[in-house]
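What follows is a set of notes on a single structure, which appears directly below.
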Amino acid sequence: MSDFFVYCGLAGDTDPGRFWSAGLYRSRNADGAWESIGERLGTEPHVFSILADSRRPGQVTVGTHDGIWRSDDAGDSWRRLDAPKPQLGVWSLASHPAEPHTLFAGYEPCGIHRSTDGGKTWGALPVQVRYPAVSDRPEIPKRIISIAVDPSNPREIYASLEVGGLLRSLDGGASWENVIDGLYIDEGFVDIHAVVVNPKVPGQLTIATRFGVFRSDDRGAHWRDLKAPLLRPIGSYCRRLCYAPNDGNTLYLGAANDFDGDRGALFITRDNGSCWEKTEPGVWLKTPIFGLAVDAKRPDAIFYASKIGQLVFSRDRGATWSVNPLKAGAGHVFSLAVG
């Protein structure tokens, strides 16, 4: 199989007083030396999201603090796409499974923009929704950090809000509603970091939240706890979710004991959430996992990264693991992609 790259982006929380970092790196085949490529964008970027599309070898798109950038040569050169400049950041990028030229970008403050021509032009979707009362305050951020389209029903689109619920459109983005709304005693219950749709079960959603992992079998109308392993008593801080390519049973979860925690772990379920196992990569993960990636061309591979730059990868679905850390000081990893 041909060579590939792992891309790793550095950023930080946009809340005042948080640690802030910048940079973009790549490694050939995951085990190659890390190369800094962020300066090729003109200024060192704060990279919140990276999208590598397996349908277009060499094409990689990044969402940054000042817009969306594209490379068609695996990161050797870059150009800015004609997308709106965010107030704070482009936190998520997603490609449509059934429409190869359709892209979505999730912004902070809360907004979703769509391109139907491969990124040449963009339009804002009418995301005008209410937020749960517990998080409906101006000092609590509202950022779209995950977008998923149901491959079985490609007009059904979901977007996770940090901090503010789960947004759903059943008509291809023409209208939206918040399907996690109501009265809560803690904003953590509506702090949703990731949403995925089962590639084999229409309408089955899984979300990663500040307090665990939850499942809906009816497009978000009802929810149940998947009982992810606890890294703290109240429930693990869960950040990333990925299904193995074209596999409705193998689901990967990046978790930790807090946003700024000192313990992270990757958990795998091979029966779609009934049982979980903790990976044993042979390295102590001292921070949460904010980067998690799979690639349709390599269905047995899985890649994840701690915030301090420990890239961990397996080529055999977790049977064995390798580690390739970034150079010392290149930390605060917020995004990861493979392609």
Side-chain angles (χ1 to χ4, degrees), residues 5-27 34-52 60-71 75 78 80-81 83-94 104-111 113 141-147 159-163 191-194 208 210 237-240 254 256 258-261 264 285-293 303-311 325-338:
F5 284 100
V6 177
Y7 303 92
C8 183
L10 310 186
D13 200 307
T14 54
D15 294 354
R18 293 283 193 177
F19 182 82
W20 192 242
S21 187
L24 178 61
Y25 295 83
R26 70 181 179 185
S27 168
W34 287 100
E35 179 185 4
S36 175
I37 58 174
E39 65 278 0
R40 299 174 188 178
L41 278 69
T43 59
E44 200 75 12
H46 305 285
V47 182
F48 298 100
S49 53
I50 309 175
L51 175 65
V60 58
T61 309
V62 298
T64 75
H65 67 291
D66 70 346
I68 302 175
W69 293 74
R70 164 74 54 77
S71 173
W78 296 85
R80 183 194 293 272
L81 298 185
K85 185 174 180 177
Q87 291 185 37
L88 293 171
V90 180
W91 280 80
S92 54
L93 293 166
F104 300 93
Y107 279 58
E108 181 188 10
C110 175
H113 294 262
K142 301 292 185 295
R143 51 180 76 113
I144 302 288
I145 63 172
S146 175
I147 300 172
S160 65
L161 259 176
E162 184 190 37
V163 181
D191 188 5
I192 302 177
H193 300 136
R210 193 191 301 177
Y237 178 90
C238 298
R239 188 75 187 190
R240 297 294 186 189
D258 209 342
F259 174 86
D260 288 319
L285 296 178
K286 302 176 183 179
T287 69
I289 293 170
F290 270 40
L292 178 61
F303 308 81
Y304 66 96
S306 69
K307 283 170 71 174
I308 59 173
Q310 300 158 297
L311 177 75
L326 272 70
K327 67 177 184 178
H332 233 54
V333 175
F334 264 53
S335 53
L336 191 72
V338 180

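All values below come from the heavy atoms of this structure, side chains included, with hydrogens, waters and symmetry mates left out.
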Value rounded to 0.5 Å, distance of [atom1] in [X] from [atom2] in [Y]:
| X | Y | atom1 | atom2 | value |
| --- | --- | --- | --- | --- |
| Leu81 | Ile68 | CG | CD1 | 6.5 Å |
| Thr61 | Trp69 | OG1 | CH2 | 13.0 Å |
| Trp34 | Lys327 | CH2 | NZ | 12.5 Å |
| Lys142 | Glu162 | NZ | CD | 10.5 Å |
| Arg143 | Ser92 | CZ | OG | 11.5 Å |
| Ser36 | Leu326 | OG | CG | 9.5 Å |

Note, [X] side chain near [Y] side chain (heavy atom, < 4.5 Å):
| X | Y | value |
| --- | --- | --- |
| Leu93 | Phe48 | no |
| Leu24 | Trp78 | yes |
| Leu285 | Tyr304 | yes |
| Val333 | Leu311 | no |
| Val62 | Pro45 | no |
| Val6 | Val338 | yes |
| Val163 | Arg210 | yes |
| Trp91 | Ser49 | no |

The criterion is ring pair (Phe, Tyr, Trp, His ring centres under 6.0 Å); which residues satisfy it with [X], sequence neighbours excluded?
| X | answer |
| --- | --- |
| Phe104 | none |
| Tyr237 | His193 |
| His332 | Phe19, Phe334 |

- Report the residue from Asp258, Asp260, Asp13 that forms a salt bridge (charged side-chain N to carboxylate O under 4.0 Å, His left out) with Lys307.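 For Lys307, the salt bridge (charged side-chain N to carboxylate O under 4.0 Å, His left out) test succeeds with only one of Asp258, Asp260, Asp13, which is Asp260.
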Which heavy atom of [X] sits nearest a heavy atom of [Y], and at what distance?
| X | Y | answer |
| --- | --- | --- |
| Ser71 | Gly75 | OG-N, 2.8 Å |
| Glu44 | Gly23 | OE2-CA, 3.2 Å |
| Gly331 | Ser21 | O-OG, 3.2 Å |
| Ala105 | Ile147 | C-CD1, 4.0 Å |
| Tyr7 | Arg26 | CD2-CB, 3.9 Å |
| Ala293 | Ala337 | CB-CA, 4.0 Å |

Return the set of residues passing side-chain contact (heavy atoms from CB on, under 4.5 Å) with [X] (not counting sequence neighbours), or none when no residue passes.
| X | value |
| --- | --- |
| Ser335 | Val47, Ile50 |
| Lys85 | Asp66 |
| Thr43 | none |

- Item | Among His65, Glu108, Gln87, His46, the one residue meeting side-chain contact (heavy atoms from CB on, under 4.5 Å) with Thr14 |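 Among His65, Glu108, Gln87, His46, the one meeting side-chain contact (heavy atoms from CB on, under 4.5 Å) with Thr14 is Glu108.
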- Query: Taking it one step at a time, do Arg80 and Thr64 satisfy side-chain contact (heavy atoms from CB on, under 4.5 Å)?
  - Reply: CA-CA 11 Å; Arg80 183 194 293 272; Thr64 75; 5.9 Å; no
- Task: Step by step, work out the side-chain contact (heavy atoms from CB on, under 4.5 Å) result for Ile144 and Leu161.
- Result: CA-CA 5 Å; Ile144 302 288; Leu161 259 176; 3.7 Å; yes
